[in-house]
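Sequence lines set the chain letters: A, B, ... in the order given, protein chains first and strands last, and positions in each chain run from 1.
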Amino acid sequence: MDIELMIKDFVINELANESYEGEIDIHHSLIQKGIIDSMAIMVLIRYIEQEFSITISGTDLTPQNFENISTIAELVSLKLNTHKV
Amino acid sequence: MDFDINTDQQNLIKTIKSFAQKELNNNIIDDDKSSRFPMEKWKKCHKMGLFSLPFPEKYGGLNQSFLTTCLCIQALGFSCKDSGLVHSIVTQIICGIQLNLFGSDLLKDKYLPGICSGETICAQAITEADSGSDALAMKTKAIKNTENYILNGTKMFITNEPIADLTIVFARTNPEAKSFGAISVFILEKDTPGFEKCKAMEKMGLRTLQNGELVLTECEVKASSRIGTEGQGAIIFSESMEWERILLSAANLGKMEHVLDLSITYSKNRKQFDQSICKYQAISNKISKMKVQCELSKLMLYKAAELKDHQKRASMESSMIKYAVSEYLKESCANSLQIHGANGYMTETEIERYFRDSIASTIYSGTSEMHLNIIGKLLGL
Ligand SMILES: Cc1cc2nc3c(=O)[nH]c(=O)nc-3n(C[C@H](O)[C@H](O)[C@H](O)COP(=O)(O)OP(=O)(O)OC[C@H]3O[C@@H](n4cnc5c(N)ncnc54)[C@H](O)[C@@H]3O)c2cc1C
């Protein structure tokens with residue numbers, strides 16, 4: 001399955017509050033929309049690490065990498081490619 | 001996962017236990033009464049290399065794994081009767097870990113050697129009067145002018161602050177933005193103009209531990225003193241809390257094991273109605289429960305420490321271990337006091353102090369209620 005789509009599914013179904021009604025586009029800022037906060041980031045990283053068998057730590061842990069679904073998917077792809085090397 | 005304790009680890013544990021029993025256990029009742037920080041013992045701890053356990057050798061560290069560090073701190077918690085001093089040591093190591101994980105080479109070269117040796121005392125300032133559990137709702141601001149940041153705000157309850165040379169300060173670099181991405185972390189030296197620390201606060205327990213307020217007024221800090229990138233504060237907070245919660249639990253597990261030993265010995269020696277009180281199930285059940293809690297905690301703790309050694313996430317595990325050990329410790333201390341009867345209530349037997357010390361463990365580094373919230377959230381609830 002497409003990484004972006006998997007992350008989008010997870011964000012919509014697990015992170016966005018039930019009362020959240022807006023559209024979530026892959027380029028929308030999840031931070032500004034309040035979908036990613038200090039608690040949600042833990043849930044999201046745990047999901048990504050388990051689902052894609054990668055580790056995200058140190059310099060990868062920046063707000064820029066978690067800004068929107070597209071940047072998160074890019075980070076995951078990058079990690080998957082480095083693992084393959 | 002392999003939790004066999006190897007010979008090197010066993011030797012380290014033995015050395016720390018005998019060091020603590022010989023060098024750290026005098027005058028504790030008096031120090032507790034006067035809330036005095038035992039600086040002479042702190043200095044002995046740096047001679048022992050206690051602060052340097054998990055750090056790279058190039059900074060003067062001992063390059064030990066996090067699991068080994070936890071085993072050493074567990075041994076210290078077991079054998080050092082001054083839980084305030086142990087808490088202070090753990091805070092020092094955690095500040096070093098934070099700097100080592102996220103600091104620039106410049107900051108690490110400058111500060112880690114002093115942190116490892118213990119000559120530089122460290123504190124970590126997050127909490128404010130209006131933001132405790134909701135830590136990231138902090139109001140302290142760090143506003144960038146051309147080169148530097150200007151910090152304004154007040155931090156509360158900060159461990160080691162009254163005696164610290166260095167403080168890791170969390171502040172809001174983007175006051176308009178949501179908390180995530182708006183907070184950054186800085187390392188400040190105590191002599192920085194506009195950096196004012198207040199005297200230590202009186203407390204119920206952990207009385208040798210020095211906790212205080214920090215007031216920042218137009219306090220100017222170089223951009224190079226920022227730990228991590230701008231806006232990375234919330235992530236640094238989540239990551240470093242995992243290490244902190246595991247290491248503090250190691251110390252508290254050690255204390256629980258000590259309280260278990262004391263309860264066994266006392267209940268065997270104390271006779272009422274012509275037999276040892278341990279023969280009454282009302283007493284022995286309390287002790288059996290303590291033993292179960294110690295063993296469960298050990299497994300959870302070592303698993304969480306191993307995860308960090310493998311650069312893995314341990315958000316769920318660190319919350320579970322922090323919640324469990326702090327609640328078990330409080331319960332064990334209360335039960336041990338009951339087993340000791342009036343003797344336990346007297347200052348001299350030291351159980352009442354352990355009980356007072358244990359209360360804070362369900363408050364600092366995230367309250368028990370907050371840990372249950374985190375676990376629930378991670379379960380998708
Ligand atoms: C010994 C000690 C050392 C400390 N050291 C440091 C330090 O070095 N650096 C630092 O920055 N801070 C430090 N602190 C502060 C500590 O981190 C805070 O006390 C802690 O985060 C709780 O905040 P609070 O005390 O303001 O309680 P509050 O957040 O006001 O909570 C009060 C009560 O409400 C409950 N509560 C709050 N929100 C929720 C919720 N959403 N769901 C359910 N229950 C909730 C809490 O569990 C608690 O029972 C220390 C505290 C102590 C006691």
| What residue, out of Q64(A), E67(A), R46(A), E14(A), has the most heavy-atom pairs lying under 4.5 Å from chain B? |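 Heavy-atom pair counts peak at R46(A).
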| task | Just give me the residue among T229(B), L136(B), I374(B), L101(B) that pairs up with chain A most often, heavy atom to heavy atom, under 4.5 Å. | result |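 Most heavy-atom pairs under 4.5 Å with chain A: I374(B).
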| field | Contact winner vs chain A - M316(B), H310(B), E230(B), heavy-atom pairs under 4.5 Å | value |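 Highest number of pairs under 4.5 Å: M316(B).
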| task | Could you tell me which portion of E239(B) (side chain, backbone, both or neither) has an atom closer than 4.5 angstrom to a non-hydrogen atom of chain A? | result |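 It is the side chain, since no backbone atom gets that close.
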| said: Which atoms of Q32(A) are under 4.5 Å from chain B, going by heavy atoms: the side chain, the backbone, both sets, or neither? | reply: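 Q32(A) touches chain B through backbone and side-chain heavy atoms alike.
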| request: Identify which part of L61(A) has an atom lying under 4.5 Å from any heavy atom of chain B, answering side chain, backbone, both or neither. | output: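 Its backbone and side chain both get close to chain B.
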| request: Check whether any side-chain N or O of N152(B) sits under 3.5 Å from a backbone N or O of K141(B) as a donor-acceptor pair, and report yes or no. | output: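 Side chain of N152(B) to backbone of K141(B): no pair is present.
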| query | Which is it for E242(B) and K312(B) under the salt bridge (Lys or Arg N to Asp or Glu O under 4.0 Å) test, yes or no, and what are the steps along the way? | reply | CA-CA 11 Å; E242(B) 290 185 13; K312(B) 295 232 170 85; over 6 Å; no
| field | Residue that, paired with S319(B), satisfies side chain to side chain contact (heavy atoms under 4.5 Å, CB included) out of L372(B), N373(B), I375(B) | value |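 The passing option is I375(B).
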| task | For the pair E317(B) and R245(B), find out whether any cationic side-chain nitrogen is under 4.0 Å from an anionic carboxylate oxygen. | result |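 Here E317(B) does not pair with R245(B) in a salt bridge, since their nearest N and O are not under 4.0 Å apart.
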| Is the shortest heavy-atom distance from the side chain of T71(A) to the side chain of N65(A) under 4.5 Å? |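 When only atoms from C-beta onward are counted, N65(A) and T71(A) do not touch, as no gap falls below 4.5 Å.
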